[in-house]
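Shown next, in structure tokens, is the structure this report addresses.
Note that the numbering runs from 1 along the sequence shown for the chain.
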Amino acid sequence: MLTDTRLLELYDSQLGSRHLDLAARELRAEGAGFYTIGSAGHEGNAAVAAALRPTDPALLHYRSGAFYLERARQVPGTDPLRDVLLGVVAAASEPIAGGRHKVFGHPKLNVIPQTSTIASHLPRAVGVALAVERAAKLGVECAWPRDSVVVCSFGDASANHSTAVGALNTAAYCAHQGLPLPVLFVCEDNGIGISVRTPSGWIASYGSRLGMRQFTADGCDVASAYEVAAEAAEWVRATRRPAFLHLRTVRLMGHAGSDAEVAYRSRAEIAADEERDPLTATARLLVARGVVTEDEVAALAEAKREEVRAIAREVASAARLETARAVMASLAPSRPAAVAGEAVAAARATGARPAEPVTLAQAINQTLADLLDHYPEMVVFGEDVARKGGVYGVTRGLLRRAGAGRVFDTLLDEQSILGLALGAGLSGLLPVAEIQYLAYLHNAVDQIRGEAATLSFFSSGQYRNPMVVRVAGYAYQKGFGGHFHNDNAVASLRDIPGLVVATPSRPDDAAAMLRTCVAAARADGRVCVFLEPIALYHTRDLHEEGDGEWLAPIAAKHVPIGRARVYGSGDQLTIVTFGNGLHMSLRVARRLGLRCRVVDLRWLSPLPADDLLREATATGKVLVVDETRRSGGVSEGVLAALADAGFDGRVARVTSKDSFVPLGDAAAHVLLTEDEIEAAALDLVRGRP
């Protein structure tokens, strides 16, 4: 039962949220504000905040102003009205994003900042809920209390996005298998997405269609909304199962400040929503209960308006970010010494072992096993990684070694796999997720681009997303191919700010670089993608059958991020390459009879620019050997790095064609070949155009 005192407090949160919306539009009209998507009509979500604990992690919809204010009421020492307005004016002093974006977030409130425009935060919410339970099972420290409920709010239009559908399906899938997953999904249904109507009844049975326990509440009646939200929260807390709360709301004042609703809604429809204004309904309830008089209600509203407007006047001239360096300061924390120390400690902890040469796949497998032994919070998961041990056997034996709580199979949904990693890393685990093929990553890359890579940026480094994503990629598989198993497109990864992209070719590098990526995730909260060349997984030989020159022992070392590896010291030609290109280039270099040096980039982001320039200058002639596509491929970045550094020698490049990789022998027509590398190298050295 909602007491009179709590009802009055909820009304205060609702009033604060409404007047923040009005102030945001006034600031925008004055040229001082930059964000006008408001919460008007959704203020009933204050009841959801009241029904939860301030220690429950919250991932919020952008119309969750009243929730944020009510959550802050429960945590002394916060100033939520000022926080929100500092975000509206993009002030550098804003306490979560520091002027980079207007988001709801605060570490003290356990509100994790989200952009939440297309429900892209739902997979992470599932991951956080899974991690709460998994951390307890593993006996490792979690960022949230053991009995937490994870709350995730989103709009009715966003419920239709594949990201939302996939996350809700994953939650239902976990529940079906009996896996604890304490997440409360709150769909704030105002019946419209910008100008597109949501069909009547569409959200009404959404959760139950997936087998979840569904609760329904009227967000315009804060008292009944509180009762239902409290029931839903306690059900999730007690059963550790997911639930779906359908919160019926209205949208007032349009989608944003620039939105003219009269262009697509009738005046009668707009008036009907205004009649359901949740603030009016709460005011009437307060008067009906005798908590306040009508005059006192009006006085409360006016006092809140003056309070918010006074703060708005103060923050309107607040200093904003003034340099690129300031903007980028929280992109990706980088402490090379700490990462090196972490990686070296992990390597030494494995103990002495025979220096037996192994393949690339064996090196990755053994290093994962060592890291699982060293880090009790580390988890390895993805499609087919546990029982089967991976399509190529790379994770074979890890399930038996570390147990099902730490090495497990997921459902077939890359968005959900990455979401599990997003939530696990945020909650205190150390996730190493596998995407089975590079081609499968593309339909889920926004989980890396829009969620993982932005979290530190939008939280001024107060939240981190430590994670390593292993991806089997590139082409040149023999007897097994086609586009989806031979993808060479990496451009979508290389342009993500702060993302580390590693691509080892040799077994010893794979072990050392994997240690570095895990260390960077743990020490700096970095997001790392580890691209593994499938065709080199089981390669043993380099020049001749049986020579065993592609095998290498695993050494107790690490490779600093952004450092290349150089083969040879010739002064006639520098060949710059990576991945399968290294194997091909070393073979060609031996046949050429020239004095060559071959540079393995190893890191595609950040590129090893200093090493690249040094080795290019040593010969004055550079051939870039790039197995990815000519347009958008890695070679473009290499050439740009040389040009930016003022390299004035001769350069050329050979690449694969701008084509998808076809099945069978046809692949040879579009993929880079050793003959093409050899011809280009000779032309460059001999001065041919």
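- Looking at Gln436, its side chain never comes within 3.5 Å of a backbone N or O of Ala472 through a donor-acceptor pair.
- Listed here is the closest heavy atom pair of Cys152 and Leu122: SG-CD1, 3.5 Å.
- Below 30°, between 30° and 60°, or above 60°: for Tyr62 and His255 the angle between ring planes is above 60°, a perpendicular geometry.
- Residues Thr282 and Leu10 have side chains not in contact (no heavy-atom distance under 4.5 Å, counting atoms from C-beta outward).
- A heavy-atom distance below 4.5 Å is found between the side chains of Pro107 and Ile96.
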**Asked** Would Leu371 and Leu430 satisfy side-chain contact (heavy atoms from CB on, under 4.5 Å), going step by step from the backbone distance to the final call?
**Response** CA-CA 10 Å; Leu371 291 167; Leu430 184 56; over 6 Å; no
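- Using modelled atom types, no side-chain atom of Asp56 and backbone atom of Val150 make a donor-acceptor pair closer than 3.5 Å.
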**Asked** Does the pair Asp373 and Arg401 meet the rule for a salt bridge (charged side-chain N to carboxylate O under 4.0 Å, His left out), with working shown?
**Response** CA-CA 9 Å; Asp373 287 346; Arg401 182 167 185 148; 2.4 Å; yes
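- Side-chain atoms of Arg63 come within 3.5 Å of backbone N or O of Gly38 as a donor-acceptor pair.
- When Tyr206, Trp235, Phe215 are each tested for a ring-ring contact (aromatic ring centres under 6.0 Å, His included) with Phe244, only one passes: Tyr206.
- Within the 4.5 Å cutoff, no side-chain heavy atoms of Ser456 are placed close to those of Arg526.
- Remark: the Glu43 side chain and the Ser17 side chain contain no N/O donor-acceptor pair separated by less than 3.5 Å.
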**Prompt:** When you look at Arg237 and Leu52, which way does the side-chain contact (heavy atoms from CB on, under 4.5 Å) test go after all the steps?
**Reply:** CA-CA 10 Å; Arg237 202 179 304 279; Leu52 292 160; 4.2 Å; yes
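- For the residue pair Asp487/His442, the side-chain donor-acceptor check at 3.5 Å is satisfied.
- Ionic pairing of Lys102 and Glu94 is not present here: no N-O contact between side-chain nitrogen and carboxylate oxygen is shorter than 4.0 angstrom.
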**Asked** Is there a side-chain contact (heavy atoms from CB on, under 4.5 Å) between Glu434 and Val380 once you walk through the steps?
**Response** CA-CA 8 Å; Glu434 179 184 297; Val380 174; over 6 Å; no
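- Here the side chains of Asp156 and Asn190 are in contact, with some heavy-atom distance below 4.5 Å.
- His101 places no side-chain N or O within 3.5 Å of a backbone atom of Val103 that could act as its donor or acceptor partner.
- Using a 4.5 Å heavy-atom cutoff, the side chains of Leu60 and Gln114 are not in contact.
- Judged by distance alone, with hydrogens and angles left aside, the side-chain atoms of Gln447 form a donor-acceptor pair with the main-chain N or O of Ser120 at under 3.5 Å.
- Side-chain contact of His42 with Glu188: a donor-acceptor pair under 3.5 Å is present, judged by distance alone.
- Interatomic distance, CG of Leu184 versus CE of Met212, reported as 10.5 Å (0.5 Å rounding).
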**Request:** Could you give me the CA-CA distance, side-chain angles and deciding distance for Arg146 and Glu133, then say whether salt bridge (charged side-chain N to carboxylate O under 4.0 Å, His left out) is met?
**Result:** CA-CA 7 Å; Arg146 172 65 178 82; Glu133 294 294 325; 2.9 Å; yes
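- Proximity of a side-chain donor or acceptor of Arg464 to a complementary backbone N or O of Ala523 within less than 3.5 Å is detected.
- With rounding to the nearest 0.5 angstrom, the OG1 atom of Thr410 is 7.5 Å from the CG atom of Leu412.
- The closest side-chain heavy-atom distance from Pro278 to Arg18 is below 4.5 Å.
- Remark: the backbone N or O of Ser416 is not paired with any side-chain donor or acceptor of Thr170 at under 3.5 angstrom.
- A donor-acceptor distance shorter than 3.5 angstrom exists from the side chain of Ser605 to the backbone of Leu499, with no hydrogens or angles considered.
- Within the 4.5 Å cutoff, side-chain heavy atoms of Ile112 are placed close to those of Leu455.
- With a 4.5 Å cut-off on side-chain heavy atoms, Leu420 and Val379 do not count as touching.
- A donor-acceptor distance shorter than 3.5 angstrom exists from the side chain of Asp524 to the backbone of Arg335, with no hydrogens or angles considered.
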**Request:** Go through the steps to decide whether Ile435 and Leu418 satisfy the test side-chain contact (heavy atoms from CB on, under 4.5 Å), and finish with yes or no.
**Result:** CA-CA 8 Å; Ile435 300 297; Leu418 294 175; 4.2 Å; yes
**Item:** Intermediate values then yes/no, salt bridge (charged side-chain N to carboxylate O under 4.0 Å, His left out), Arg276 and Asp218
**Value:** CA-CA 10 Å; Arg276 296 188 60 218; Asp218 183 358; 3.0 Å; yes
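- Proximity of a side-chain donor or acceptor of Arg387 to a complementary backbone N or O of Asp384 within less than 3.5 Å is not detected.
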